[in-house]
Amino acid sequence: MTPRFPILMYHQIGPPPPRGVPGRSLTVPTADFVAQMRWLKRLGYRGVSMRDLMPYLKGEKQGRAVGITFDDGFRNVHANAMPVLAELGFTATNYFVSRQIGGSNVWDRAKGIPAAECMSKTELLEWQAAGHEVGAHTLTHPRLTEISPDEAAREIADVRAELEAICGEPVEAFCYPHGAVDETIRRLVAESGYGNATTTVKGRARASDDPLLLPRITVRRGHPWPLLLLKCLTA
Ligand SMILES: [Zn+2]
């Protein structure tokens with residue numbers, strides 16, 4: 001059987017906003033995140049960034065691995081997720097919106113999602129120095145399929161250049177904002193030289209998948225963790 005690798009998708013880690021607030025489910029409480037990571041470890045899984053997951057996916061490396069990804073580069077991930085990742089020796093990928101480094105999730109505001117700070121440049125560098133991966137999530141977080149191909153090309157190529165200028169190493173991992181991707185957008189991502197890209201399509205990744213259209217498993221607040229675990233990890 002072809003091995004399948006779950007790639008978990010998180011957004012924010014910390015105290016969730018009050019009941020009824022849009023986007024609340026995308027903040028996983030720190031204690032839950034810590035428990036989830038420790039359970040993975042106990043079950044013999046290694047939590048890894050996309051960079052560290054790709055060799056498993058390509059069959060160059062054997063073992064139990066789970067991709068850990070965070071969208072949007074939130075500051076509370078730096079504060080609340082990094083300690084347990086360090087404790088367990090796990091790595092993770094955070095997908096940064098380069099024009100909002102040190103800013104906030106302005107793209108979410110129209111949906112009524114409360115403002116949340118993004119990591120500063122210093123925090124991004126600390127994230128990288130801890131062994132984690134800096135991934136790209138465009139310049140401004142647009143729905144790439146709804147802007148002109150020229151604009152989309154700039155969003156995809158320039159974020160890579162901007163992030164590489166900050167972190168001084170190649171940026172290989174891309175994530176489609178809002179999960180919006182079509183053939184043109186996928187081609188632009190390929191032309192910009194990314195090695196892998198994640199979507200919001202639900203499922204576990206396997207070797208036969210297009211590396212630029214990898215599925216993920218969303219982890220939401222209040223997700224019954226044992227159930228999620230079963231869903232993620234059993235064949
Ligand atoms: Zn996003």
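Because the structure is predicted, anything quoted here is derived from the model rather than measured. First listed ligand is number 1; within each ligand, the first listed atom is number 1. Heavy-atom basis, side chains included; hydrogens, waters and symmetry copies ignored.
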Evaluate side-chain hydrogen bond (donor to acceptor under 3.5 Å, both in side chains) for Q128 paired with E133, printing each intermediate quantity in order.
CA-CA 6 Å; Q128 180 194 17; E133 182 176 28; over 6 Å; no

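Around the Zn ion (ligand 1), protein N, O or S atoms at a distance under 2.8 Å total 3; waters are neither shown nor counted.
Here R42 pairs with R38, W39 under the side-chain contact (heavy atoms from CB on, under 4.5 Å) rule; sequence neighbours left out. A search for side-chain contact (heavy atoms from CB on, under 4.5 Å) contacts involving A152 returns L144, I147, I185, L188, not counting sequence neighbours.
Between F70 and Y95, the distance from one ring center to the other does not fall under 6.0 angstrom.
Counting only residues at least two apart or in different chains, ring-ring contact (aromatic ring centres under 6.0 Å, His included) contacts with residues 177-208 comprise H141-H178, F174-Y194.
Judged purely by distance below 3.5 Å, without hydrogens or angles, the side chains of T199 and R216 never pair a donor atom with an acceptor atom.
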